[in-house]
2 protein chains.
Amino acid sequence: MQSLPHPIPDDLAELIARRFRAIGEPMRVRILDLLRDGELSVNVLAEQLGAGQQNVSKHLSVLAETGIVARRKEGNHVYYRVVDEGVFALCEQVCGSLQSQLSTLAALVGGLPT
Amino acid sequence: MQSLPHPIPDDLAELIARRFRAIGEPMRVRILDLLRDGELSVNVLAEQLGAGQQNVSKHLSVLAETGIVARRKEGNHVYYRVVDEGVFALCEQVCGSLQSQLSTLAALVGGLPT
DNA sequence: CTACTGTACAACTAAATCGTTGCAGAGAGT
DNA sequence: ACTCTCTGCAACGATTTAGTTGTACAGTAG
């Protein structure tokens, strides 16, 4: 079913970690969220994020190098889109974990002895 | 279906990024892999990883703070186990993405024009 | 051709992070 | 009580990374 070899070879661990690190940045998470509806140009992204163009461009480079997004140049603008749809599944999975953690905590607070 | 609000609030982006960053480290990926079969003590982990005990302990702290693993103390040893089984799903998802990337590249190489 | 817009690259500063070293505390055995 | 093992905390140096600033290049408009 799952093809993960069991002592994970170091190279694979490195690859996996690299991908997680690519998403492990608030700005990049927000970029991916904005790209959920479709491709956007750098300046629109920067505007919506309230961040500098160069900064956004750099983050997009990181995501592009990892193969999560792709660029398409048209005239004066460059449009980025998500090519690895799996990232959305990742985010939802993480949100699920966060929610169960929170509900566990909530249950603890609710069930406090006097 | 998916409960992600659409402009993601900054706080949530921060939380999601934090979790990804927690797994975005080769050593921690390997630790999680070793913990797949069940709980292990710090010294056993350090031994299997070929890393220093303090180093492993620190990485375990990061994973514990994020709520991915939990500690259980028994006598002289401390055993760690994975409490958020979702991380395995995350890793498999990432591996799937890596594989499709590789196969795409392989297809490109194979389809090279003379 | 010149001016303007949109984007990426390079250099710099500041901050976060990894790994190591040294030390302190807890538990088990003699 | 003394010692040994296992573990976590604090501090240090070295590497990495984020964000800003300046600049260069491509495409568009006048």
Side-chain angles (χ1 to χ4, degrees), chain A residues 8 10-11 13-35 38-82, chain B residues 8 10-11 13-35 39-81:
Chain A
I8 273 194
D10 292 14
D11 299 342
E14 173 67 37
L15 281 177
I16 298 178
R18 187 192 312 274
R19 168 145 312 210
F20 279 120
R21 215 177 322 139
I23 322 178
E25 231 282 336
M27 181 83 76
R28 292 200 276 269
V29 171
R30 292 168 62 203
I31 289 178
L32 291 174
D33 175 53
L34 288 175
L35 291 181
E39 63 182 12
L40 290 175
S41 67
V42 180
N43 73 66
V44 170
L45 280 171
E47 194 178 336
Q48 300 241 0
L49 293 166
Q53 172 265 316
Q54 288 92 332
N55 192 5
V56 173
S57 176
K58 193 149 75 171
H59 283 299
L60 285 169
S61 295
V62 174
L63 292 173
E65 283 168 11
T66 327
I68 298 179
V69 303
R71 355 179 327 155
R72 180 178 67 87
K73 192 171 182 180
E74 179 179 323
N76 228 350
H77 298 246
V78 174
Y79 294 94
Y80 281 86
R81 68 183 180 280
V82 173
Chain B
I8 274 194
D10 293 14
D11 298 344
E14 173 68 38
L15 281 178
I16 297 178
R18 187 192 312 274
R19 167 144 314 210
F20 279 121
R21 215 175 327 140
I23 321 179
E25 233 280 337
M27 181 84 76
R28 293 201 275 270
V29 171
R30 292 168 62 202
I31 289 178
L32 291 174
D33 174 52
L34 288 175
L35 291 180
E39 62 182 13
L40 290 176
S41 67
V42 180
N43 72 66
V44 170
L45 280 171
E47 192 179 338
Q48 301 241 358
L49 293 166
Q53 172 266 318
Q54 285 93 332
N55 192 4
V56 173
S57 175
K58 192 148 76 172
H59 283 298
L60 285 169
S61 295
V62 175
L63 292 173
E65 284 168 12
T66 326
I68 299 178
V69 303
R71 350 180 328 153
R72 182 179 67 88
K73 192 170 182 181
E74 179 179 322
N76 230 349
H77 298 248
V78 174
Y79 295 93
Y80 282 87
R81 68 184 181 280

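The figures here come from the full heavy-atom set of this structure, side chains too, leaving out hydrogens, waters and symmetry mates. Each chain gets a letter, A, B and so on, in the order the sequences are listed, and its residues count up from 1.
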(request) Can you tell me the distance, in whole Å, between the CG atom of Leu45(A) and the P atom of dA8(C)? (result) 11 Å

(message) I need the OH-P distance between Tyr80(B) and dC6(D), as an integer number of Å.
(response) 15 Å

Every protein N/O within reach of nucleotides 16-25 of chain C N/O, cut-off under 3.5 Å:
| unit_1 | atom_1 | unit_2 | atom_2 | d |
| --- | --- | --- | --- | --- |
| dT17(C) | OP1 | Arg21(B) | NH1 | 3.0 |
| dC18(C) | OP1 | Arg28(B) | NH1 | 3.2 |
| dC18(C) | OP1 | Arg28(B) | NH2 | 2.7 |
| dG19(C) | OP2 | Asn55(B) | OD1 | 3.4 |
| dG19(C) | OP2 | His59(B) | NE2 | 2.4 |
| dG19(C) | O5' | Asn55(B) | ND2 | 3.4 |
| dG19(C) | N7 | Lys58(B) | NZ | 3.0 |
| dG19(C) | O6 | Lys58(B) | NZ | 2.9 |
| dT20(C) | O4 | Lys58(B) | NZ | 3.4 |
| dG22(C) | O6 | Gln54(B) | NE2 | 3.1 |

(request) Check Ala51(B) against Val56(B) and note the closest heavy-atom contact, atom names and distance. (result) CB-CG2, 4.0 Å

(message) I need the minimum non-hydrogen distance between Ile31(B) and His59(B), along with the two atoms involved.
(response) CD1-CB, 3.8 Å

(request) Please report the shortest heavy-atom distance between Leu60(A) and Val69(A), naming the atom on each side. (result) O-CG2, 4.0 Å

(message) I want to verify a distance call: between dC6(D), dG6(C), dG8(D), whose nearest atom is closest to the His77(A) side chain?
(response) dG6(C)

(request) For the pair Arg81(A) (side chain) and Glu39(A) (backbone), establish whether a donor and an acceptor sit closer than 3.5 Å, ignoring hydrogens and angles. (result) no

(request) Would you mind reading off the distance between Tyr79(B) atom OH and dT7(D) atom P, rounded to a whole angstrom? (result) 8 Å

(request) Mind calculating the distance between CG (Leu60(B)) and P (dC9(D)) to the nearest angstrom? (result) 12 Å

(request) Take atom CG of Asn43(A) and atom P of dA8(C), then tell me their distance rounded to the nearest Å. (result) 11 Å

(message) Counting only side-chain nitrogens and oxygens, does Arg71(A) get under 4.0 Å of the OP1 or OP2 atom of dT7(C)?
(response) no

Could you pull out every donor-acceptor pair under 3.5 Å between side chains of residues 73-80 of chain A and any protein atom, sequence neighbours left out?
| unit_1 | atom_1 | unit_2 | atom_2 | d |
| --- | --- | --- | --- | --- |
| Glu74(A) | OE1 | Arg72(A) | NH1 | 2.6 |
| Glu74(A) | OE1 | Arg72(A) | NH2 | 3.4 |
| His77(A) | ND1 | Asn43(A) | ND2 | 3.3 |

(request) State, yes or no, whether a side-chain contact exists between Asn55(A) and Leu49(A) at a heavy-atom distance under 4.5 Å. (result) no

(message) What is the distance, to the nearest angstrom, from the CG atom on Leu63(A) to the P atom on dT17(D)?
(response) 14 Å

(message) Tell me the interatomic distance from Ile31(B), atom CD1, to dT7(D), atom P, rounded to whole angstroms.
(response) 13 Å

(message) Is the phosphate of dT7(D) approached by Ser57(B) (side-chain N or O, under 4.0 Å from OP1 or OP2)?
(response) no

